[in-house]
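In what follows, every heavy atom counts, from backbone to side chain, and hydrogens, waters and symmetry copies are set aside. Every chain is numbered from 1 and lettered A, B, ... according to where its sequence line falls, protein lines coming before strand lines.
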Amino acid sequence: MIPNTNSSYVRVPTPVEFSFDECLVFLNRSLQENLHRIQNDQIIKLIDHQGELILIGVTHAEQHLRVEFLNGKPSEAGQRAAAEYVWAWFDLKTDLVPFYGMAADDPILQPIVKRHFGLRVMGFPDLFEAMAWAITGQQINLTFAYTLKKRFVEAYGKSLVYEGEIYWTFPSCEEISELKVSDLTPMQYSVRKVEYIIGIAAEMAKGNLVKENFTDGKDAQTVEKELVAIRGIGPWSANYVMMKCLGFTSAFPIADVGLHNALKYQLELEKKPSIAEIESYAENWKGWEAYATFYLWRSLYE
DNA sequence: TGCCAGGAAGCCG
DNA sequence: CGGCTTCATGGC
């Protein structure tokens, strides 16, 4: 191996309301996760910036994340892209003070927020990844969803070996747009999910579907409507993508089974709450439904 | 072993 | 618009 003598890094400032450990718990939730690896409190992840493969090692230091470049110093644009990726990944742009102010008086959220202070909505900066993962996870258990993602990534993603371990990028929309349905069904994706994913990849590859279209100041209702118009994206997926990729703290995947189970356990209910009951609980969460949901999900894997 | 899983489309009235 | 059916297969 060629020794990396020109070690370099960038810093990404973190707010006070930030807990690296809480974010790590989330990133560690599946043993099948192959888009990052965590060892010794360092997150290692491969990023594809316009064809430039950048392997980053993220650690936490005083009031910042240190983003180290492990496979050589990237271009200036690559360094900037890596910093922006981390910024979006940990949702560092959101000021959580008002959320915590609201949650302090909320009977459901108060204990969870206290226990997991500093947890951020861990996101998907890449729109194609967010949409493809949402579709993959529809109606199947998370363990199986991770199995499917692992097969998908290892068939069509780019990879790089570093210190004996292999790191992957999520497949690009350009590559997936050229696939046939029969390329993916052997992985045990359903035919319909493959149609959805390839269809979305094709629209993105043609430039008809871009993240900036949804982050240019449109209100949440408009964005949700535009997303739901896309085949394969229903209300749950639209709100999931808005929450995890587009930065809407008001996004609310209210039909989510995990959310229902979290509320059931949290409130010690006999059965899962109805949508109407959830709407009632959520009246207090206005503007922060995404964070309420993410913290409730967190409460499921203590 | 049968019900459940981080749903959505398509059809019908 | 609201309800019902189909898809599809692993996990536990």
Side-chain angles (χ1 to χ4, degrees), chain A residues 25-33 35 91 112 116 119-124 127 129-152 170 181-203 209 221 223-246 248-266 269-276 278-279 281-282 285 289-302:
Chain A
V25 170
F26 175 80
L27 292 175
N28 246 328
R29 70 181 179 154
S30 172
L31 293 171
Q32 297 193 90
E33 177 61 69
L35 292 178
D91 191 32
I112 307 175
H116 306 298
L119 173 67
R120 323 284 304 189
V121 168
M122 298 301 296
F124 298 104
L127 179 62
E129 180 182 350
M131 296 180 91
W133 174 237
I135 289 166
T136 300
Q138 289 168 4
Q139 179 60 18
I140 60 175
N141 64 74
L142 263 183
T143 306
F144 183 44
Y146 271 107
T147 301
L148 292 176
K149 183 178 89 163
K150 182 173 161 65
R151 291 173 184 159
F152 183 67
F170 196 79
V181 170
S182 59
D183 291 325
L184 292 177
T185 46
M187 297 180 187
Q188 290 174 294
Y189 273 94
S190 67
V191 170
R192 280 227 285 253
K193 285 188 182 181
V194 174
E195 290 172 358
Y196 301 160
I197 291 171
I198 294 177
I200 285 170
E203 288 306 299
L209 179 55
Q221 204 174 12
V223 170
E224 180 177 351
K225 197 172 169 185
E226 290 185 14
L227 287 171
V228 170
I230 299 166
R231 185 160 185 261
I233 304 294
W236 177 86
S237 300
N239 281 275
Y240 182 86
V241 169
M242 290 169 71
M243 163 180 176
K244 302 266 287 183
C245 179
L246 302 176
F248 286 87
T249 59
S250 65
F252 195 21
I254 196 168
D256 184 81
V257 179
L259 173 68
H260 301 175
N261 282 326
L263 286 167
K264 179 185 162 191
Y265 296 135
Q266 206 62 34
L269 306 174
E270 293 290 321
K271 56 181 183 181
K272 287 184 282 189
S274 67
I275 296 296
I278 299 171
E279 284 172 343
Y281 304 141
W285 305 344
E289 292 87 343
Y291 264 88
T293 299
F294 200 71
Y295 272 76
L296 280 160
W297 284 344
R298 176 66 180 79
S299 74
L300 283 172
Y301 43 93
E302 290 302 330

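Nucleotides C:dT5 and B:dC3 place their P atoms 16 Å apart, quoted to the nearest Å. For the P atom pair drawn from C:dC12 and B:dG7, the interatomic distance equals 16 Å after rounding to whole Å.
Atom pair A:Tyr189:OH and B:dG7:P shows a separation of 15 Å (rounding to whole Å applied). Atom pair A:Gln138:CD and B:dA8:P shows a separation of 5 Å (rounding to whole Å applied). Following rounding to the nearest Å, A:Lys271 (NZ) and B:dC4 (P) show an atom-to-atom distance of 13 Å. Between the CD1 atom of A:Ile200 and the C1' atom of B:dG7 there is a distance of 13 Å, given to the nearest Å. Distance A:Lys193 NZ to C:dT6 C1': 14 Å, rounded to the nearest Å. Atom P of nucleotide B:dA9 and atom CH2 of A:Trp236 are separated by 13 Å, given to the nearest angstrom. If you take CD of A:Gln32 and C1' of C:dG11, they are 11 Å apart, rounded to a whole angstrom. Atom CG of A:Asp256 is separated from atom C1' of B:dG7 by 10 Å (rounded to the nearest Å).
Under a 4.0 Å N-O distance rule, the pair A:Glu33/A:Lys149 qualifies as a salt bridge.
Using a 4.0 Å heavy-atom cutoff across all strands shown, A:Ile233 reaches sugar-phosphate atoms only and no base atom. Within the 4.0 angstrom heavy-atom criterion, only backbone atoms of the sugar-phosphate kind lie near A:Tyr196; the bases stay farther away. Contacts of A:Pro235 with the nucleic acid, taken as non-hydrogen atoms under 4.0 Å apart, involve only primed sugar atoms and P, OP1 or OP2. Using a 4.0 Å heavy-atom cutoff across all strands shown, A:Ile254 reaches no nucleic acid atom at all.
Heavy-atom nearest nucleotides on DNA chain B were determined for A:Trp133 and for A:Gly232, and the one closer to the 5' end corresponds to A:Trp133. The residue among A:Val257 and A:Arg231 whose nearest nucleotide of DNA chain B is located toward the 5' end is A:Val257. Mapping A:Ile140 and A:Thr143 onto DNA chain C by nearest heavy atom places A:Ile140 at the nucleotide closer to the 5' end.
Distances shown here put a side-chain N or O of A:Gln188 below 4.0 Å from the OP1 or OP2 atom of C:dG10. Residue A:Asn261 places at least one side-chain N or O under 4.0 Å from the OP1 or OP2 atom of B:dA5. Between A:Arg192 and the phosphate of C:dT6, there is no side-chain N or O to OP1/OP2 separation shorter than 4.0 Å. The shortest distance between the side-chain N/O atoms of A:Lys272 and the OP1/OP2 oxygens of B:dA5 is below 4.0 Å. Within the structure, a side-chain polar atom (N or O) of A:Ser237 is placed less than 4.0 Å from OP1 or OP2 of B:dA8.
Aromatic rings from A:Phe170 and A:Phe124 are positioned such that their centres are separated by 6.0 Å or more. Aromatic ring centres of A:Trp133 and A:Phe152 lie farther apart than the 6.0 Å criterion allows.
A perpendicular orientation is assigned to the rings of A:Phe294 and A:Trp297, their planes being inclined by more than 60° (bins at 30° and 60°).
You'll find the side chain of A:Leu246 reaches within 4.5 Å of the side chain of A:Leu227, heavy atoms only. Considering only heavy atoms from C-beta on, A:Glu224 comes within 4.5 Å of A:Val228 through its side chain.
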